[in-house]
Novice: 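Structure in structure tokens, see below.
Letters A, B, ... are given to chains in the order of the sequence lines, protein chains preceding strands, and every chain is numbered from 1. Quick caveat, the model's predicted, so the values are computed rather than measured. Worth knowing before you read on, the calculation uses all heavy atoms, side chains too, and leaves out hydrogens, waters and symmetry mates.
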Amino acid sequence: MALLDPITRRRFKRFCSIKRGYYSFLLLLGFIVFSCFAEIFVNSRAVVVVYKGDWYFPTYGAMKPGTAFGLDYGYETNYRELKAKFEMNKDTSEGWVLLPLIPYNPLENDLVEGIYPPSAPDFSRSHYLGTDNSGRDVAARLIYGFRICIFFALFYVLCNYTVGVSLGALMGYSGGRFDLIMQRLIEIWSNIPFLYVVMIVSSILAPNFFTLAIIMVVFGWMHMTWYMRTAVYKEKTRDYSVAARALGAKPQRVIFHHILPNAVSTIVAFVPFSIAGAIYSLTSLDYLGYGLSPPTPSWGELLAQGTGQLDKPWIVMSVVCALVLVLTLVTFFGEAIREAFDPRKHTVYE
Amino acid sequence: MVAAGALILGIGKSLIAAELPKDLKWLSNETDPIYSDASAQKGCEFTNFILSFPPTLRFVGPDANNGFRDAITNNFFGLVERHPNTLNIVGVLATDWAYGADKKSMYFKLRQGATWSDGKPITADDYTFVLDFMRSKNIRDPWYNDYYTKFFEKIVKYDDYTISIHATKALPDLDQSIAINPLPRHFFKGQVDKDFVAKMNWEIIPNSGPYILTEIDKGKSLTLTRKQKWWGENLRYFKNRFNVDKVTYKVVREMKIAWEYFLKGKFDDYPLTFPDFWHEKSKIKEFENGYIHKLWFYNDRPRSPVGLYMNMDDPLLSDINVRKGISYAINVDKVINTILRSDYERLPRYTTGFGPYDNKNLKPLPFDIKEAKKYFALAGFKDMGPNGILHRGDQPLSVSLTYSSEQHTPRLVIFKEEARKAGLELDLQILDGTMAFKKVREKKYQMAYWAWAGNRLIPSYWEDMHSKNAHIAQTNNINNIAIKKLDDLIDQYEMESDETVKIKLSQEINEIYHTQYAFVPLFHVPYFRTAYWRWWKLPAVPATKRSQELFNVFDSMMGGMFWFDQKAYNETHTAMKAGKKLPKVEATDKTFRDKASFM
């Protein structure tokens, strides 16, 4: 396995020794893991409700109507009100509620008559970063927006690389007429302005997570082909791949089992930057209103709201800080990876 | 030879036909109240902004429908207009008018002395030319081609100052459609050239209104100048109006930047209808010190039916119980009381603001979870799913809601969240404007946030509600409503010319439509709000019943009521330099509110 070979092991060691990149990676990983469990920390549903001696954990699973806790409505319980009610009637000790850190979900509108959204950060109402144009909690939208954004980026990059790497490798391996034709096709395809086309297509389709990613892949896979093509061209003339072919290995096997592991450094060094690019693209699309359809929590949409009203600085500040932080972390991580995978560090002249 | 024969025949025919009917009852109106102010003074320049430079100055043809078009077309006056407060007909380019016996035609005596801006008199030939012009393929405007071909039958000249105009169908407010604006035949030499579209892009066509375009700085600004010795200056309804000498429009690409310019005094007025501007952004020194005044003016005019339209051909929405449940599940009041700051009002029904034609007994359904659930249960949606959405077997109660403006997202997310409480899922779908329009007009939608623009005095229903327009693409019956009784009423309504009967029919039509619950009435804004520098003066009632803006400059009936006050200008500038406070002015005018026709 590629992971275990001494060169790879040395590369990882080198990566860990580049502290800035390494800690950035850990932090980023921490954020991603945290966002996966965001429902526990940022949610309108309580973490624990104890009502008449029974314990409830409403975070995951089916919604609990208000009637389940002795309230007079059949829709989903408002746990903040439930908590307030329990605290009001402390002496009857009906039970207690443990709310998450941020007791709002990213979609609900916390609207109080007389307070017009967007409202400034208010710790007493647990809006730590204030609310947006429709009274939704900015912090909650930021966190769920991050989850969508980062997984979108990962999914996008995965699809992009699968297509780009396979085609690039095939071009490099086959060479000749196939390579020539594909090169011209890619050149033509690359000249289609990416954002514009995605905007046009998504304004017609009203895309969801997967369709938007696919649309973006259709117009964005070209980039990786060039690097892979060159790398494979170089590798296929090496002795080991010639040997593999001589033993009768099929092109598929030669490309994916022999050449690809040796060209992996090219790919890996690009991944973090592609992720940053994907985050940037999604945010731009959302900013312009052509990304994921509302009310999906999104950084781009927050940014658009924020720049539309610079006199409500909490919106734009939150999202700009978050964006800068994440993109910086990804970039540090990327730099460290590139450094660690730089072949010049491992060349041994004999 | 044949052509020459036809020409002679044509002339012969028009000579024979051109005889006025004997029993015409000529009408005129020089007695309705005057709404301008006698103390108005002429002079000074009024500066405003436009968000983009017009792509052409032509008023027909490609790109003509741009934001600047009104400034051009409003200076082409018509034969007659409606008095903006009494809604009676008053003469503009005609002094007298009469109705034909067929109820499809009107006769006009033209105003002697009315001239084009180049000094040539406006005569009957300028009216007959309108049909040739608008029907010409060379203007490259299919809408006008079609309208002037289908609606108008002919225009007959009796002498230089008497004409009749014949339509193809009878309308109760016939004057609104038939009183055309003449075009200068002599300028076009009686024909529309093949290269009209290209040639007329930046040409200044002689007009009949009080102002004419004089300076064009391409990409930057446009200036109109008041005509000296304008023919209408001393007429009853034009006296003391159209006071400023020059009107300049400067291009500013963004509203935010225009606001800053306004505060610096570079522009004379700024719209404050948006809640944040009225309530917050105007809480600054220029307003507090009384240099800039604020006015909230209630008007009374037909309202656009803004609402959530449902497609009755959709399998789910074909059930009236589902539609009624949805109507109960839309929390309009919450949106109004929170993000709209109670500034908007709930639209009561489809037909609103048409006076007696409104059926005032019809009220919108309130937000009521219990009622909503009751009707959903009647439709079979009884089981509560794990996500709080009602189900009928495996089918969730989920409806897609199409809309096209980013600005409406905050309202719709509140509808969505509130509807969940009643077990209804609204799936918001924002589309590009053109796509949304296509989708709805092709009836391929479920629910849509939609509104029709309209400018008639009397409601019309055939296009919106008749079954002939249901189930087919590209018609305005987007509800796909098809009810035999409604059809009969609409057919009667269309043919009826007696007003009392027509009013009764209108009310019945509205009742049937309303109780189908395929339209959830949302909002209307029965006013406009404006900020303006204090040296601009207005009459005691600063605008008319039908006005939509305070500083309308050119409209023949509602425009040009303001004037510049040099004394107030000097006073303000002295105070601003000294940092002195002047009385703060924040006025609300409810003249037309208290007797508003929709209440």
Novice: Would you indicate whether A:Phe123, at its atom CZ, is surrounded by more than 12 heavy atoms from other residues, nucleotides or ligands within a distance under 6.0 Å?
Specialist: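 No, not enclosed.
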Novice: Give, as side chain, backbone, both or neither, the part of A:Asp132 having an atom under 4.5 angstrom from any heavy atom of chain B.
Specialist: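 Neither part.
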Novice: Could you tell me the separation between the CG atom of A:Leu107 and the CZ atom of B:Arg420, rounded to the nearest 0.5 Å?
Specialist: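 Going from CG on A:Leu107 over to CZ on B:Arg420, the span is 8.0 Å.
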Novice: Quick one: which of B:Lys334, B:Arg341, B:Gln429, B:Glu418 has the most heavy-atom pairs under 4.5 Å with chain A, could you say?
Specialist: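 Max contact count across the listed options: B:Arg341.
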Novice: Is the number of heavy atoms from other residues, nucleotides or ligands within 6.0 Å of CZ (A:Phe57) greater than 12?
Specialist: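 Yes, because the 6.0 Å sphere around CZ of A:Phe57 holds more than 12 heavy atoms from other groups.
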Novice: What residues of residues 277-286 of chain A make heavy-atom contacts with chain B at a cutoff under 4.5 angstrom?
Specialist: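 Within residues 277-286 of chain A, near chain B: nothing under 4.5 Å.
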Novice: Specify the closest pair of heavy atoms between A:Thr307 and B:Lys256, including all atoms of both residues, with the distance to one decimal.
Specialist: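 For A:Thr307 and B:Lys256, the tightest heavy-atom pair comes out as O-NZ, 3.6 Å.
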Novice: Taking all atoms of both residues into account, what is the closest heavy-atom pair of A:Glu108 and B:Glu417, and its distance?
Specialist: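 So the minimum-distance heavy-atom pair works out to CA-OE1, 3.6 Å.
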Novice: Of all of B:Gly388, B:Gly423, B:Ala436, B:Ala422, which one pairs up most often with chain A through heavy atoms under 4.5 Å apart?
Specialist: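 Top count of heavy-atom pairs under 4.5 Å with chain A: B:Gly388.
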Novice: What's the shortest heavy-atom distance between B:Val413 and A:Arg136, and which atoms?
Specialist: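 What the structure gives for the nearest pair is CG1-NH1, 3.5 Å.
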Novice: What are the two closest heavy atoms between A:Asn133 and B:Ile339, and how far apart are they?
Specialist: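 That would be O-CG2, 3.6 Å.
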Novice: Could you tell me whether B:Gln407 atom CD has more than 12 heavy atoms of other residues or ligands within 6.0 Å of it?
Specialist: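 Count not over threshold, so no.
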Novice: At a heavy-atom separation under 4.5 Å, does B:Lys416 approach chain A through its side chain, its backbone, both, or neither?
Specialist: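 Side chain only.
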Novice: Against chain B, work out which of A:Gly66, A:Gly308, A:Pro295, A:Ser293 has the most heavy-atom pairs shorter than 4.5 Å and name it.
Specialist: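 Most pairs with chain B among the choices: A:Pro295.
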Novice: What part of B:Asn387 lies closer than 4.5 angstrom to a heavy atom of chain A: side chain, backbone, both or neither?
Specialist: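 For B:Asn387, the backbone is the part near chain A, not the side chain.
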Novice: I'd like to know whether CE of B:Met435 has more than 12 heavy-atom contacts from other residues, nucleotides or ligands below 6.0 angstrom.
Specialist: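 Enclosed: over 12 neighbouring heavy atoms sit under 6.0 Å from CE of B:Met435.
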Novice: Report yes if some heavy atom in the side chain of B:Ile430 is under 4.5 Å from a heavy atom in the side chain of A:Pro294; otherwise report no.
Specialist: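 The answer is yes, as the side chains (C-beta and beyond) meet within the 4.5 Å cut-off.
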Novice: Which pairs, with at least one residue in residues 388-409 of chain B and sequence neighbours excluded, count as a salt bridge (charged side-chain N to carboxylate O under 4.0 Å, His left out)?
Specialist: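 Passing the test, one end in residues 388-409 of chain B: no pairs.
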Novice: Is the number of heavy atoms from other residues, nucleotides or ligands within 6.0 Å of OH (B:Tyr261) greater than 12?
Specialist: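 Count not over threshold, so no.
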Novice: Please report the closest heavy-atom contact between B:Ile414 and A:Asn109, naming both atoms and the distance.
Specialist: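 Nearest heavy atoms, B:Ile414 then A:Asn109: CA-OD1, 3.4 Å.
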Novice: Is it true that atom NZ of B:Lys439 has more than 12 heavy atoms of other residues, nucleotides or ligands lying nearer than 6.0 Å?
Specialist: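 Yes - once you tally the heavy atoms of other residues, nucleotides and ligands closer than 6.0 Å, there are more than 12.
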Novice: Go through the atoms of B:Thr338 and report whether side chain, backbone, both or neither lie under 4.5 Å from a heavy atom of chain A.
Specialist: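 The answer is both parts of B:Thr338.
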Novice: When you look at CZ of A:Phe209, are more than 12 heavy atoms from neighbouring residues, nucleotides or ligands closer to it than 6.0 Å?
Specialist: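 Correct, the count exceeds 12.
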Novice: Which members of residues 367-383 of chain B, sorted by number, sit under 4.5 angstrom from chain A on a heavy-atom basis?
Specialist: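 Within residues 367-383 of chain B, near chain A: B:Ile369, B:Lys373.
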Novice: Heavy atoms under 4.5 Å from chain A: which residues of residues 269-281 of chain B carry them?
Specialist: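 Near chain A, by residue number: B:Glu280, B:Lys281.
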